[in-house]
Every structure is written in C-alpha cells, then in structure tokens.
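Working notes for the structure below.
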Amino acid sequence: EVQLVESGGGLVQAGGSLRLSCEASGFSFDDYAIGWFRQAPGNGREGVSCIRCGGSSYIADTVKGRFTISSDNAKKTVYLQMNSLKPEDTAVYYCAVDFDRRSSRYPLPSEYDYWGQGTQVTVSS
C-alpha cells in the first residue's frame, strides 16, 4: 500500500525554523517525483517544492532562500527544511508522489497521485 506520512510541524515564532519529514512506503521511492504543498485557510493548495520533478528540483519563489528540499533514499524520506519562517507560511503542509515517470518541472497538485495527511505549521508574529 502506498503511504506518505508527514511529520515535524508545530508552532514556532517568526524567524524560527522547522524541519518537515515525509516518510514514504509501498513504492520505489527514488523513481518518482515527491512534492511538498501547502494550504492555508481560504486558499488553494500551493506547490512549494519538489524533487525529481522534470529531472531536477524546484523551490517556489515565495520560499526560495528560506526553504530547502532534500532526500534520504535509504530512509525513503524527503525533508523540507524551513528557516526564517514568516506568519504567512502558516498552513497545512502535505507531501505527495507523482507516478508519472516524466513528472512536470513544477509541483502541480493535479498531477500528484497519492497524498499524505498533512502536518500543521503555525508561525506566530
């Protein structure tokens, strides 16, 4: 069974850091694109970052310079290191996998096939 489990969310003050983890199972982890997305109340789901998407990785302009994506293939885990957090980063963060072997360069929610349950990130001012 394909599973993605996010962890690492929490409540932090502006300027603080969090490291999100996405542990995958049930598929060949390093063959497919993994994306990070977020959704704040009243907003649509936003692509934040991805690895192995279009043969590369991607960081959204809104978080570039503050967030970093990485992967540990042995642990089948993708990480999202979030530094210099801002209140506007507050959202539920999801990871997802795209089983298309020619995944798009950018993390488009409609192209991802399986999703984790999400982890809440709250940044206070």
Side-chain angles (χ1 to χ4, degrees):
E1 180 183 0
V2 174
Q3 287 189 321
L4 297 167
V5 180
E6 302 96 335
S7 62
L11 173 63
V12 298
Q13 296 185 48
S17 297
L18 286 172
R19 188 195 194 198
L20 305 184
S21 298
C22 173
E23 185 174 355
S25 62
F27 63 96
S28 298
F29 170 78
D30 58 356
D31 286 340
Y32 302 103
I34 304 292
W36 281 103
F37 304 81
R38 66 185 182 184
Q39 188 164 16
N43 294 342
R45 193 160 294 185
E46 173 192 7
V48 175
S49 185
C50 56
I51 58 168
R52 295 187 290 273
C53 38
S56 188
S57 61
Y58 169 84
I59 296 286
D61 288 343
T62 51
V63 301
K64 189 172 295 183
R66 300 187 296 119
F67 291 12
T68 303
I69 192 168
S70 63
S71 177
D72 185 332
N73 289 345
K75 296 181 178 180
K76 301 184 70 172
T77 300
V78 175
Y79 304 97
L80 187 68
Q81 179 67 47
M82 307 186 298
N83 299 323
S84 302
L85 283 162
K86 305 175 180 179
E88 51 262 46
D89 295 318
T90 295
V92 178
Y93 283 71
Y94 301 89
C95 65
V97 59
D98 181 1
F99 286 124
D100 184 353
R101 293 182 183 270
R102 300 182 67 182
S103 181
S104 297
R105 180 77 171 87
Y106 308 101
L108 303 175
S110 62
E111 296 185 358
Y112 283 71
D113 300 296
Y114 286 87
W115 296 75
Q117 295 301 305
T119 185
Q120 176 71 48
V121 171
T122 303
V123 184
S124 62
S125 59

| query | Do the side chains of V2 and V78 join up, straight or via other hydrophobic residues, at under 4.5 Å, putting them in one cluster? | reply | yes

| Side-chain donor/acceptor of R105 to backbone N/O of S57, under 3.5 Å | yes

| task | Dump the intermediate steps for ring-ring contact (aromatic ring centres under 6.0 Å, His included) on W36 and F67, then the final yes or no. | result | CA-CA 11 Å; W36 281 103; F67 291 12; 9.8 Å; no

| What heavy-atom pair brings S104 and D98 nearest, and what distance separates the two atoms? | N-OD2, 4.4 Å

| task | Could you tell me whether the side chains of S71 and N73 share a donor-acceptor contact shorter than 3.5 Å? | result | yes

| field | Stepwise side chain to side chain contact (heavy atoms under 4.5 Å, CB included) test for F27 and L4 | value | CA-CA 10 Å; F27 63 96; L4 297 167; 4.1 Å; yes

| said: Same cluster or not: V92 versus L85, using hydrophobic residues (I, L, V, M, F, W, Y) connected whenever any side-chain heavy atoms lie under 4.5 Å apart? | reply: no

| Under the salt bridge (Lys or Arg N to Asp or Glu O under 4.0 Å) criterion, do K86 and D89 qualify, and how do the steps go? | CA-CA 5 Å; K86 305 175 180 179; D89 295 318; over 6 Å; no

| said: Give me the atom names and distance for the closest heavy-atom approach of I59 to S49. | reply: CD1-OG, 3.0 Å

| said: Could you walk me through whether T119 and S7 satisfy the side chain to side chain contact (heavy atoms under 4.5 Å, CB included) test, starting with their C-alpha distance in whole Å, then the side-chain angles of each, then the deciding distance to 0.1 Å, before giving a yes or no? | reply: CA-CA 6 Å; T119 185; S7 62; 5.6 Å; no

| query | Does atom CD of Q81 have more than 12 heavy-atom neighbours, drawn from other residues, nucleotides or ligands, at distances under 6.0 Å? | reply | yes

| query | Tell me, do D30 and K76 make a side-chain contact under 4.5 Å, heavy atoms counted? | reply | no

| request: Locate the shortest heavy-atom distance separating P87 from S125; write the atom from each residue and the value. | output: CG-CB, 3.9 Å

| field | Minimum side-chain heavy-atom gap P107-Y112 below 4.5 Å | value | yes

| task | Could you tell me the separation between the CG atom of D72 and the OG atom of S21, rounded to the nearest 0.5 Å? | result | 10.0 Å

| request: Go through the steps for V97 and F29 under the test side chain to side chain contact (heavy atoms under 4.5 Å, CB included), then give the verdict. | output: CA-CA 9 Å; V97 59; F29 170 78; over 6 Å; no

| request: Could you tell me whether the side chain of R66 and the main chain of S84 form a donor-acceptor pair under 3.5 Å? | output: yes

| request: Determine, stepwise, if the pair L20 / V121 fulfils side chain to side chain contact (heavy atoms under 4.5 Å, CB included). | output: CA-CA 9 Å; L20 305 184; V121 171; 4.0 Å; yes

| message | Please give me the minimum heavy-atom distance between A96 and F37, naming the atom from each residue. | response | CB-CE1, 4.0 Å

| message | Count I, L, V, M, F, W, Y as connected when their side-chain heavy atoms are under 4.5 Å apart, and connections chain through other members. Are W115 and Y93 then in the same cluster? | response | no

| query | Are V48 and V63 side-chain neighbours, meaning at least one heavy-atom pair lies under 4.5 Å? | reply | yes

| E111 side chain reached by D100 side chain, heavy atoms, under 4.5 Å | no

| field | Y79 six-ring face occupied by R19 cation (under 6.0 Å, within 45°) | value | yes

| ILVMFWY cluster, Y58 and I51 together (side-chain gap under 4.5 Å) | no

| Looking only at side chains, do T77 and E23 share a donor and an acceptor under 3.5 Å apart? | no

| Do we see a donor-acceptor contact under 3.5 Å between the side chains of Y32 and R52? | no

| said: Return the CD1 to CD1 distance between I34 and I69, rounded to the nearest 0.5 Å. | reply: 8.5 Å

| query | What is the minimum heavy-atom distance between A60 and G47, and which atoms define it? | reply | CB-O, 3.8 Å

| remark: Minimal heavy-atom distance between E6 and Y94, with the atoms involved, is OE2-CA, 3.2 Å

| request: Using the six-membered ring wherever Trp is involved, compare the ring planes of Y114 and F99 and label them parallel, tilted or perpendicular (cut-offs 30° and 60°). | output: perpendicular

